[in-house]
Amino acid sequence: GNSANVLVLDQKLVPWFPLHVSELDAIATRTLDAGAELKSDHPGFHDATYRQRRQMIASLANQHKHGSLPPLLEYTEEEIATWRTVYDNLEPMTNKFACRQYLDIVAEMRSEGVVTRDRIPQQRDVSAFLEEKTGFTVRPVAGLLSSRDFLNGLAFRTFFSTQYMRHHSLPLYTPEPDLCHEIIGHAPMFADPDFADFSQAIGLASLGASEEDVKRLATCYWFSVEFGLCREEGEVKAYGAGLLSSFGELEYACSPTRPAGGKLEAPAIEAWDPWVAAHRSYPITEYQPTYFCAESLQEAKERMRDFCEQGLKRPFHARFHELSQSVWVDRNV
Ligand code: HBI
Ligand code: FE
């Protein structure tokens with residue numbers, strides 16, 4: 001391959017990966033779809049104003065550099081109205097079905113004014129809140145990254161996050177991650193120490209990993225960070241962002257009885273096991289047929305760590321050095 005895309009470690013070639021947090025700048029602009037190209041079935045495809053807005057926000061994200069604050073965005077009344085609709089629909093559902101850690105953190109974010117119903121949260125405020133809790137930060141990205149690039153950010157306790165709003169015509173639907181998914185779904189969980197370490201473990205394992213191992217890690221990510229459940233006093237609660245930001249699927253996954261009028265069959269709920277989850281296929285446009293449920297976030301993290309250490313093949317071990325914000329590589333492990 002291209003020598004710029006590989007790193008030489010004791011004469012072994014591995015895919016290039018960042019060694020310092022500032023090198024995430026190189027990753028952040030490698031979006032798969034130029035950041036704001038909408039597919040023809042996107043709800044905003046025919047809306048020229050929306051497309052222009054997406055381009056503007058994408059270009060701000062692409063200009064962002066490590067060490068500066070995420071750009072402040074002045075959201076329009078239309079965007080704020082969409083935010084309120086999403087917020088009002090999700091809040092009663094998360095109160096019922098989100099895990100305790102999520103609810104405690106959201107309560108704190110609300111009381112500190114980081115998350116509000118009547119104003120769209122600014123990414124820099126969300127990032128500052130998380131950084132004080134666990135050292136996780138959020139940085140702007142224009143759109144979807146490859147699994148490898150996206151997961152590599154987590155190694156540096158960095159979450160790539162979009163800042164645009166879904167299209168107002170379908171406030172409870174988005175075909176791609178938008179600010180509602182990032183802020184309501186993902187952000188609060190990164191303030192939990194076990195979840196933060198869980199996420200970073202996936203990230204560290206993805207550095208220089210083979211394509212097959214990146215795929216396994218992305219699949220584990222899907223069944224945990226996006227759709228994970230955990231047990232709480234005998235009940236099943238959600239910690240995955242795909243659930244926490246989808247009021248329909250949240251009830252579908254967590255309700256002990258099927259939603260009223262339910263034509264849907266109950267999903268299968270299996271014990272969280274990365275060895276099993278890593279090889280499971282999944283639909284991306286429908287509700288999941290299977291969810292994995294951990295006994296606790298701590299247990300989820302420990303199993304994930306075991307899998308990263310024993311279930312993957314890599315000729316070295318990577319660890320994060322917090323003070324220097326860099327990754328140290330132990331060779332020939
Ligand atoms: N890129 N910007 C962005 N946001 C995501 O949530 C995201 C991504 N790329 C891949 C991805 N998520 C996951 O589907 C896994 O492949 C890691
Ligand atoms: Fe997500």
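Below, all heavy atoms of this structure are taken into account, side chains as well, without hydrogens, waters or symmetry copies.
- Interatomic distance, W328 CH2 to L204 CG, rounded to the nearest 0.5 Å: 13.5 Å.
- Minimum interatomic distance between P121 and V126 (heavy atoms only, all atoms of both residues): CB-CG2, 4.1 Å.
- Within the 3.5 Å criterion, the main-chain N or O of L312 finds no donor-acceptor partner in the side chain of R216.
- Inter-residue side-chain proximity for L19 and S326 is flagged as unmet; no heavy-atom pair is nearer than 4.5 Å.
- The side-chain contact (heavy atoms from CB on, under 4.5 Å) check on K313 picks up D213, with sequence neighbours excluded.
- Tracing side-chain contacts under 4.5 Å through hydrophobic residues (I, L, V, M, F, W, Y), one never reaches L170 starting from L90; they form parts of separate clusters.
- Checking side-chain atoms of Q310 against main-chain N and O of F307 turns up no donor-acceptor pair under 3.5 Å.
- How far CZ of R305 is from CZ of F198: 11.0 Å, rounded to the nearest 0.5 Å.
- Sparse packing is recorded around CD of E77, with 12 or fewer heavy atoms of other residues, nucleotides or ligands lying under 6.0 Å away.
- Taken to the nearest 0.5 Å, the NZ atom of K215 stands 11.5 Å off from the OG atom of S210.
- Residue pairs meeting the side-chain hydrogen bond (donor to acceptor under 3.5 Å, both in side chains) criterion with at least one partner in residues 233-246, sequence neighbours excluded, are H181-S245.
- The side-chain heavy atoms of F136 and T158, taken from C-beta on, include no pair separated by under 4.5 Å.
- Here the closest non-hydrogen pair linking A205 and R314 is O-NH1, 3.2 Å.
- Judged by distance alone, the side chain of N89 and the main-chain N or O of T85 form a donor-acceptor pair under 3.5 Å.
- Interatomic distance, D118 CG to I80 CD1, rounded to the nearest 0.5 Å: 9.0 Å.
- Using modelled atom types, one finds a donor on one side chain and an acceptor on the other under 3.5 Å when comparing W222 with Q288.
- Of the residues L179, V114, L73, the one that meets the side-chain contact (heavy atoms from CB on, under 4.5 Å) test with Q122 is L73.
- Shown here are the ring-ring contact (aromatic ring centres under 6.0 Å, His included) partners of F223, two or more places apart in sequence or in another chain: Y282, F292.
- Using bins of under 30°, 30° to 60° and over 60° for the plane-to-plane angle, the ring pair H66/H20 lands in the perpendicular bin.
- Between A201 and C308, the shortest heavy-atom contact is O-SG, 3.8 Å.
- Between K39 and P175 there is no side-chain heavy-atom pair separated by less than 4.5 Å.
- Side-chain polar atoms of T29 and N62 form no donor-acceptor pair below 3.5 angstrom.
- Closest heavy-atom contact between Y102 and P188: CE1-CG, 3.6 Å.
- Under the salt bridge (charged side-chain N to carboxylate O under 4.0 Å, His left out) rule, E79 has a single partner from R84, R53, R54, which is R53.
- For the pair V106 and T94, the minimum side-chain heavy-atom distance is 4.5 Å or more.
- Separating the NZ atom in K96 from the CE atom in M93 is a distance of 5.5 Å, to the nearest 0.5 Å.
- Side-chain contact between T116 and Y87 is absent, with no heavy-atom pair separated by less than 4.5 Å.
- A salt bridge does not link D25 with K65: none of the charged nitrogens is closer than 4.0 Å to a carboxylate oxygen.
- You'll find the side chain of V14 reaches within 4.5 Å of the side chain of F316, heavy atoms only.
- You'll find the side chain of F227 stays beyond 4.5 Å of the side chain of L244, heavy atoms only.
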### Message
Applying side-chain contact (heavy atoms from CB on, under 4.5 Å) to W83 and I184, what does each step give before you reach the verdict?
### Response
CA-CA 10 Å; W83 167 259; I184 298 176; 3.8 Å; yes

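- With sequence neighbours left out, the salt bridge (Lys or Arg N to Asp or Glu O under 4.0 Å) criterion links E299 to R303.
- Taking the six-membered ring for Trp and the full ring otherwise, F150 and F159 have centroids separated by under 6.0 Å.
- Neither V214 nor L144 shares a network with the other; the hydrophobic side chains, linked directly or stepwise wherever heavy atoms of I, L, V, M, F, W or Y lie under 4.5 Å apart, form separate groups for each.
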### Candidate pair E295 and W272, rule side-chain contact (heavy atoms from CB on, under 4.5 Å), full reasoning
CA-CA 8 Å; E295 288 308 310; W272 167 244; over 6 Å; no

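- Residues W275 and I269 are members of one and the same hydrophobic cluster, defined by side-chain heavy-atom contacts under 4.5 angstrom among Ile, Leu, Val, Met, Phe, Trp and Tyr.
- Each salt bridge (charged side-chain N to carboxylate O under 4.0 Å, His left out) pair with one or both residues in residues 153-170, not counting sequence neighbours, appears once here: R157-D197, R166-D178.
- Counting only distance, with no hydrogens or angles, the side chain of E232 and the backbone of R100 share a donor-acceptor pair below 3.5 Å.
- Heavy atoms only, all atoms of each residue included: P177 and T162 are closest at O-OG1, 3.4 Å.
- Distance check, rounded to the nearest 0.5 Å: CD1 of I284 to CD of E226 gives 11.5 Å.
- Y50 and E78 share no donor-acceptor pair across their side chains, judged by distance under 3.5 Å alone.
- If you chain together hydrophobic residues whose side chains sit under 4.5 Å apart, I183 and I57 fall into the same group.
- Side-chain contact between R139 and P70 is absent, with no heavy atoms from C-beta onward closer than 4.5 Å.
- Between F190 and H186, the ring planes are parallel. Angles under 30° get that label, and only those over 60° would be called perpendicular.
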### Task
Would you sort out whether C254 and L250 count as a side-chain contact (heavy atoms from CB on, under 4.5 Å), showing the intermediate values?
CA-CA 6 Å; C254 299; L250 182 53; 4.0 Å; yes

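- Using a 4.5 Å cut-off between side-chain heavy atoms of Ile, Leu, Val, Met, Phe, Trp and Tyr, with links allowed through other members, Y75 and M56 fall into the same hydrophobic cluster.
- A salt bridge links R280 with E270: at least one charged nitrogen is closer than 4.0 Å to a carboxylate oxygen.
- Summarising the geometry of A318 relative to V327, their closest heavy-atom pair is CB-CG1, 3.9 Å, with the distance given to 0.1 Å.
- Among residue pairs with one or both ends in residues 126-138, those qualifying as side-chain hydrogen bond (donor to acceptor under 3.5 Å, both in side chains) are E108-K133; sequence neighbours excluded.
- Checking side-chain atoms of H64 against main-chain N and O of L60 turns up no donor-acceptor pair under 3.5 Å.
- Looking at R119 and D125, a side-chain N of the basic residue comes within less than 4.0 Å of a carboxylate O on the acidic one, giving a salt bridge.
- By the 30° and 60° cut-offs, the orientation of the rings of Y252 relative to Y291 is perpendicular.
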### Task
Let me see the working for V115 and F129 under side-chain contact (heavy atoms from CB on, under 4.5 Å), right down to the final yes or no.
CA-CA 10 Å; V115 171; F129 177 89; over 6 Å; no

